[in-house]
Amino acid sequence: MRFFENILLFYNDEFAGIKTEVIRLVRKNHARLKIIHVFDNFDQYLDLLPPSSSIDELKEVIISERRLEILAHFEADPDISSQMTVIFKFGNPVVEIIKEAIRGTHDLVIKAASGNKTFKDHLFGNIAVKLLRKCPCPVLIIKPSEGVSFQKILAPVDPKTVREETIKTVEHEDLICRKVMDISIFMARMENSHLDIFHCWFLPGETLLASGRTRIAPDELDHMKMLAEKIHNQRISSLVAEYDLSDIRHSVVVRKGDPGEMIVNYADKNGIDLIVMGTIGRSGLSGLLIGSTAEKVIDQVNCSVLTIKPANFQSPITIR
């Protein structure tokens, strides 16, 4: 199965650091590749405009130069360059990328991370964060690297149901959990990677139950935590059992704690190269379009991230 057959790549100055991974994704998926470059500050070129020339003529010149620059990256890959499309836009990069993703029905948007490479909480720049929040299709932000990418993949999942008639399925959350599994497994096979399937749980209200007016006996609280842990282990085991992972190096990891913090800490300590993460859409709240856990992860993590939106997600940016 191929998940990414129609890829949209945002070209920026960091592209050279992710070129190898982009080419591998295109080849492995037999994908169509469209490259978009957005000139977001056209005024800087106006000083280059000769007195007798028009703005349209200047645009043609700078587009021609940038096109040659982009094509030069693919000189060694004529089978890709002969099939790919290169387009240019003027305006807000986030708006133009998302509009093109919608217009072209793309199933993956790729961008190189362009933040501060020294401080992990600044790895993703403003454009990347907004794409992760607002783009309706999966978004892959790749940390530029000279080495082999994605040798360790982390798939945080939160299965909401055990297969019991007494528990109702939250359909879109259940589906996105399986989509994270599907894509993570595909990526692990494609890259011959080690896959960590990660689940984090906590006992709601544990602090209140341990102190104050709602305090309960320590033995009873321990029993509640033991029961909650058992249920969560059943859920993750039930989910993993649905997949044939015999050809993939993998681990199943269950931790107790805040999901955002635990994902970041685990990724840092275990040298994770890529996190494949589902998100929760919240229409109308532009700052919370991907949920608090995902927000915390992209704000602090120091590796590449692939985010997947639920089927009911609607971008605040439209092509109308």
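Computed from a predicted structure; not experimentally measured.
Put simply, the residue from Leu274, Ile263, Val253, Val301 that forms a side chain to side chain contact (heavy atoms under 4.5 Å, CB included) with Leu154 is Ile263. Tested against Cys135, the residues Val94, Leu108, Val109 include a single side chain to side chain contact (heavy atoms under 4.5 Å, CB included) partner, Val109. Screening Arg66, His37, Glu69 against Tyr11 for a side chain to side chain donor-acceptor pair (under 3.5 Å) leaves a single residue, Glu69.
For the residue pair Phe313 and Arg133, the shortest heavy atom distance occurs at CZ-O, 3.4 Å. Between Ile18 and Pro144 the shortest heavy-atom distance is CG2-CA, 3.9 Å. Across all non-hydrogen atoms, the minimal contact from Ile36 to Leu8 is CG2-CD1, 3.7 Å. Taking every heavy atom of both residues into account, Lys134 and Ser315 meet most closely at O-OG, 2.6 Å. Nearest heavy atoms, Gln151 versus Glu191: NE2-O, 3.6 Å. In terms of heavy atoms, Ile317 sits closest to Ile102 at O-CD1, 3.5 Å.
Under the 6.0 Å distance and 45° angle rule, Lys59 counts as a cation-pi partner of Phe90.
The shortest distance between side-chain heavy atoms of Ile236 and Val157 falls below 4.5 Å. Side-chain contact between Val26 and Ile7 is present, with heavy atoms from C-beta onward closer than 4.5 Å. Between Asp196 and Tyr266, the closest side-chain pair of non-hydrogen atoms falls below 4.5 Å. A heavy-atom distance below 4.5 Å is found between the side chains of Val276 and Ile153. Put simply, the side chain of Pro156 reaches to within 4.5 Å of the side chain of Ile275, judged on heavy atoms. At a threshold of 4.5 Å between non-hydrogen side-chain atoms, the residues Arg32 and Gln83 do not count as touching. In this structure the side chain of Lys309 reaches within 4.5 angstrom of the side chain of Thr307, judged on heavy atoms. Between Ile142 and Lys111 the shortest side-chain heavy-atom distance does not fall below 4.5 Å.
In this structure a side-chain-to-backbone donor-acceptor pair under 3.5 Å is present from Thr279 to Ile308. No side-chain donor-acceptor contact under 3.5 Å links Asn270 to the backbone of Ile272. In this structure, the side chain of Ser64 does not engage the main chain of Glu60 through any donor-acceptor pair within 3.5 Å. The closest donor-acceptor contact from the side chain of Lys34 to the backbone of Asn6 lies at 3.5 Å or more, if one exists at all. In this structure, Asp273 contributes its side chain and Lys152 its backbone to a donor-acceptor pair below 3.5 Å.
Going from atom CD1 of Ile183 over to atom CE of Met190 covers 11.5 Å, rounded to the nearest 0.5 Å. Note: Lys28 NZ to Phe186 CZ = 9.0 Å, rounded to the nearest 0.5 Å. Atom NZ in Lys230 sits 7.5 Å away from atom CG in Leu227 (nearest 0.5 Å). Rounding to the nearest 0.5 Å gives a distance of 8.0 Å between CG of Asn265 and CD of Gln300. The distance from the SG atom of Cys303 to the NZ atom of Lys143 is 7.5 Å, given to the nearest 0.5 Å. Annotation: the span from Ile98 atom CD1 to Glu96 atom CD amounts to 10.5 Å, rounded to 0.5 Å.
Around atom CG of Asp79, more than 12 heavy atoms belonging to other residues, nucleotides or ligands sit under 6.0 Å away.
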Inset, instruction - Kindly indicate, with the supporting measurements, whether the criterion side-chain contact (heavy atoms from CB on, under 4.5 Å) is fulfilled by Val180 and Met277. - result: CA-CA 6 Å; Val180 168; Met277 181 171 55; over 6 Å; no

Inset, instruction - Kindly determine whether Leu140 and Leu25 satisfy side-chain contact (heavy atoms from CB on, under 4.5 Å), including the steps that lead there. - result: CA-CA 11 Å; Leu140 173 59; Leu25 277 167; 3.6 Å; yes

Inset, instruction - Could you give me the CA-CA distance, side-chain angles and deciding distance for Phe4 and Ile110, then say whether side-chain contact (heavy atoms from CB on, under 4.5 Å) is met? - result: CA-CA 11 Å; Phe4 308 125; Ile110 302 176; over 6 Å; no

Inset, instruction - For side-chain contact (heavy atoms from CB on, under 4.5 Å), just list the numbers for Ile197 and Leu245, CA-CA rounded to whole Å, side-chain angles, deciding distance to a tenth of an Å, and then say yes or no. - result: CA-CA 11 Å; Ile197 301 167; Leu245 302 175; 3.8 Å; yes

Legend entry - Intermediate values then yes/no, salt bridge (charged side-chain N to carboxylate O under 4.0 Å, His left out), Arg24 and Glu21: CA-CA 5 Å; Arg24 182 159 50 244; Glu21 191 60 48; 2.6 Å; yes

Legend entry - Test log, rule salt bridge (charged side-chain N to carboxylate O under 4.0 Å, His left out), inputs Arg189 and Asp247: CA-CA 8 Å; Arg189 285 197 175 107; Asp247 62 329; 2.7 Å; yes

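Hydrophobic clustering (side-chain heavy atoms under 4.5 Å, transitive across Ile, Leu, Val, Met, Phe, Trp, Tyr) keeps Val86 apart from Val61. Connection of Ile319 to Ile97 is established within a shared hydrophobic cluster, with ILVMFWY side chains joined at heavy-atom distances below 4.5 Å, either directly or through further cluster members.
For Phe15 and Phe74, the ring centers sit closer than 6.0 Å to each other.
Defined by atom type and a distance below 3.5 Å, a donor-acceptor pair is missing between the side-chain atoms of His194 and His250.
A salt bridge links Glu242 with Arg178; the closest basic N to acidic carboxylate O contact falls under 4.0 Å. A salt bridge between Arg27 and Asp77 is present, with a side-chain N of the basic residue lying under 4.0 Å from a carboxylate O of the acidic one.
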